[in-house]
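In what follows, chains carry the letters A, B, and so on, assigned in the order in which the sequence lines appear, proteins first and then strands, with residues in each chain numbered from 1. When reading the values below, keep in mind they use all heavy atoms of this one structure, side chains included, and skip hydrogens, waters and symmetry mates.
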Amino acid sequence: MSSFRPVDPKQSFPEMEERIAAGWKEGKVFERSLQQREDAEVWSFYEGPPTANGRPGSHHVLSRVFKDIYPRYQAMRGYRVPRKAGWDCHGLPVELEVEKQLGISSKQEIEEYGIEEFNRLCRESVFTYVEEWNRLTERIGFWIDLDDPYVTMDSKYIESVWWSLKELHDSGRLYEGHRVSPYCPRCGTTLSSHEVAQGYKDVVDPSVYVRFRLKDRDASLLIWTTTPWTLPGNYAVAVDPEVVYTEVDFEGETLILAEALVEKVLGEGVSGGKSFKGSELIGQVYEEPFPGMKENSGKFVIISGDFVTTDDGTGLVHIAPAFGEDDYRVAISDGLYDPTSSGEDGTLFNPVGLDGRFDASVAGFEGEFVKDPEVTARLIEHLKWNGRLFRANDYEHSYPHCWRCGTPLLYYAKASWYIKTSEARDRMLAGNEKIGWHPEHIKEGRFGRWLENNVDWALSRDRYWGTPLPIWGCSEADCDESFCAGSVADLEAKAGSVPEDLHRPYIDDVTWDCDCGKGQMKRVVSVIDTWYDSGAMPFAQFHYPFEGKEEFEQRFPADFICEAIDQTRGWFYTLLAESTLLFDEPSYRNCVCLGLILDGEGQKMSKSKGNVVAPWDVLDKFGADAFRWYLFTAQQPWAGYRFSLEAISEALRSFLLTLWNTYSFWVLYANAEGIDSSAAPDPAAEPTDLDRWAISRLQATVEGVSEKMDEFDCTGAGRLIAEYVEELSNWYVRLSRRRFWEGDAAAFATLRHCLVEVAALLAPFTPFIAEEIHSNLVGGADREFGSLPDSVHLRDFPAAASALRDPVLEAAMAATRQTVELGRASRAQAKAKVRQPLARAVVVATDAEREAISSQTELIKRELNVKELEFVTDQSDLVSYLVKPNFRTLGPRFGKSMPQVAAAVAALDPGHVAEVVEAGGEIGISIDGKDHSLTADDLLMSMEPLEGYQVEAESGHAVALALELDDDLIREGNAREIVHAVQNARKDAGLEITDRIALSLAGDQELLDAAAAHEGYVTGEVLARTIELGGDTAEAAAPGTPETTIDGKSLKISVVRVD
RNA sequence: GGGCGAUUAGCUCAGUUGGUUAGAGCGCGUCUCUGAUAAGGACGAGGUCCGUGGUUCGAAUCCACGAUCGCCCA
């Protein structure tokens, strides 16, 4: 015989959770949960790797608990769900952190400091906070294998990445081109958009209008630019084919520009001449715009550009592919330049060196810095001498500068390696169709749109801390020899030995003599975009294809991934792009997107605003379950959160505490009753309707929760559980309290079963409290689980037993609840206390409801404290009928005639309709001279109480109370008041609920008479062994006993504990 | 500038394929119940469902335009 661990109603959840987490660790529960499913089908989860060089915040808790709940659920459903952790190690953010630490800020300084040492610091920095990450992960109950994570900087991981790059390289899908980006010629660095945003300054630049003379006739294109230094790099002029252009005769020459801009450029009153669409200009050629070039790109043709506007300029845009992103893109799409070609078109003409100075091709300007104001003046002078300059002004605008050194940035094409993702666009779109997005609109919306506009992936980065691009080329300019390493062995075969650490600078030392006999094979210095690393995790985490083939195949594609919504263009994309290119299939089947965590005012959390809610504050104060429950159920996760400590506290109060109290109630009485934790339920225990109702509602809840969880809707699922717990606590337990005091075996068995199943439903949501409840209710104080699992996380998810569903009973109980609510409202209106019994309640309900309600007569009588329950029949004086059309059924049938139908129904005699409908008959109405018949479904019948009764009514259903009292009722009411007062006295005396007492009452004779009349009731309720009434006994037994009053009558109560 | 999403009570959120009286919780006020409960119950105050137009017999729901906020990109 063993009991249950007593439950502290004031339990500290954080404390309990830490104890349970320790128990899991000691009992290897996570490991065992995996082992017991070893032979089961895999349900695959991919962990998107975080970087541990910063402290984890509340948004990390969000993603980590969502990454936890679905794998836990599927594991309980019987799948094997391996959960391998991962860490993202490379990238600019890591480098910037180290730069900050060293107090340096440029590539030059990094190289002076030494790449070897710099990268060593990066390697360390990556795991600065890994301990805190691991601690948090365990504390929030995120079950993932932290002992064997994949680490993107490991040589094995890098080798897998190399393998994939070689696959792409060998099929021509990895190619070298250029990338136009903001570039600081002094620091020799490309700047990220974040850095660019920091460096905008208002400056004065020239605003230059230049003539581009047409070759075949005497007219000039008028071009506007604020960067005359880019003119030597001109390839073409872009127009909008739909915009109207015009030829203007102006001061003796013919100029071509957009008609809409004539007055703005040439002055008011000037009007255009012959007008035509831009498409007519396309294909025409013009003379070299910057005369005197020693060599040039030699195209000078008019092309179409989708970025041309008539907001400013002339509607004709000078195209220098080396100096503008749009320019570069349009040059490729128009065939002026083909980065994948080895012919003449394959070379991008760029007359400016990496130092920002003109090269020898620009005669007279060689070695000059392009943004030098003096040089600019000379450029303009040069254009003027050659008759090209139309006008030059000053132009004040905001222009980006290097945030470190203040040098104006150049948009500049640098050699860069690309992956030809555009070729796979249609296949990626097809793959996207197969992905289950949550929310759904991501598929066609944000992600789909992004895929449709796919451009080739610029892969290389001229940085230090990253996976090195495994491409070697000959140092001899004339030699085309190149080599892509697909493995360490490949490279060893070429170079002899390869360092263990594949990072820079060691890998840069791997060289060998080229077969051409003249040059040396050297690595292209770039590293790759760190996003490629994480996108490679489906295969690289297993060192595929060198090892882990079986694991890779079993787990590819993932059934589930989950990250914040900003990953649509990050990880969600790189995963899809890489798996489509390499395996022709998307690498995930379902994706849950998470929104942002904002503060309580809807502001973004940031350190500078000081509104950050640190996860540990929440965990220490309210616990992990409360945090998890809030995140799962507050709202759909992609909507974002307005997050505050108050919000968590409410989740705790309204849900976890309700559950806890129900559980603590059960344990309290089970122990008082001496229930044996290891004994089977008493088969003789006869369940009541209420028991069967609780079990039936449990099945409905289980069914609903499983459905929602299968659809990745834990918010909906959690709300169903909350609703059930509320019903259990505030309906089942409240109405069943007496049965627990009396040791009713069916009640104990029912509530125990419901709580254990709720714990199982909650296991994926709130794993700690679920474990606590399950372990005590199943295992008892001795933790003897018999043949059952010793952890809720080792059992199967509940399955709904449809045989235990009773929809009729559920409907009856719903009607009963409503009846009770109406009755209580009625009492409140009449100011008739519930303790005062009343002779009867009269329920107004239609026949169907009446049947349901009358099945629960006893329950309602007890709840409303009335002696009789009566139903009002038709023709009663108490109610009138109401009949309304059912728009749902009639709308589709009558359409436009609905207003007439509604009028016809309103004109019916409700009493008559009720009679006919109850008899199963039909009602005829006439619309536009045609007869139609309406059935019971088409009409909504209800009853309404007539004036003059103390009734409460809601949606055609009402309860009236008989308020007149006779002496019996008054005595009984007084007896209940006395019980209430004695219970308070017991409480004040600090007695345990099971203590027996000797009771003495003295005071008002009427009260004493009531106690005498109901002596059995009074002594039973307050556990009195003896009772003495009258005289001064109360005073004598307990001198100084305070006097209480009931309805103005005084009463003295003495309670004395007896054994 | 482009794409995507959001806007419902003081606050946080529900609201089914369009169906006629738009709900819940918290908070507030009044009352009440209580030997499981930091709880429960009743009543009340609180809503131009962001705005304008349209479709429809009927719109919080569908469409168009606009406003505000957010995210991503330029």
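Nucleotides B:rG70 and B:rG19 have their C1' atoms positioned 34 Å apart, rounded to a whole Å. Separating the C1' atom of B:rU17 from that of B:rG40 is a span of 38 Å, rounded to the nearest Å.
Donor-acceptor pairing under 3.5 Å is recorded for the side chains of A:S649 and A:R653.
Ring-plane geometry between A:F740 and A:F748 is classed as perpendicular, the angle between the planes exceeding 60 degrees on a 0 to 90 degree scale with a lower cut at 30. Taking the six-membered ring for Trp and thresholds of 30 and 60 degrees, A:Y573 and A:W457 have ring planes inclined between 30 and 60 degrees apart.
By the 4.5 Å heavy-atom criterion applied to side chains, A:F632 and A:T715 are not counted as neighbours.
For B:rA36, neither phosphate oxygen OP1 nor OP2 lies less than 4.0 angstrom from any side-chain nitrogen or oxygen of A:R734. Dashed line: the shortest gap from a side-chain N or O of A:W741 to OP1 or OP2 of B:rA36 is under 4.0 Å.
If you check distances only, the side chain of A:R569 never reaches the base of B:rC73 with a donor-acceptor pair under 3.5 Å.
The side chain of A:Q636 has B:rA14 as its nearest neighbour among B:rA14, B:rG19, B:rA36. Checking B:rC13, B:rG70, B:rG19 against every side-chain atom of A:R719, the shortest atom distance belongs to B:rC13. Here the nucleotide nearest the side chain of A:V733, chosen from B:rG41, B:rA36, B:rG19, is B:rA36. Considering only side-chain atoms of A:K896, the nucleotide from B:rA36, B:rU56, B:rU21 that sits closest is B:rU56. Taking only side-chain atoms of A:R737, from C-beta outward, the nucleotide of B:rC4, B:rU17, B:rA36 with the closest atom is B:rA36.
For the pair A:E863 and A:R734, the salt-bridge criterion is met [side-chain N within less than 4.0 Å of a carboxylate O]. For the pair A:R893 and A:D938, the salt-bridge criterion is met [side-chain N within less than 4.0 Å of a carboxylate O].
Between A:Y328 and A:F323, the gap from one ring centroid to the other reaches at least 6.0 Å.
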Shorter than 3.5 Å, N or O on both sides, protein versus nucleotides 22-30 of chain B: list them out with atom names.
residue: B:rG25; atom: O2'; partner: A:E650; partner atom: OE2; Å: 3.1

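A:P899 comes within 4.0 angstrom of the backbone, heavy atoms only, and of no base. Among the protein residues, A:Y669 comes within range of the sugar-phosphate backbone only, with heavy atoms under 4.0 Å from sugar or phosphate atoms but none that close to a base.
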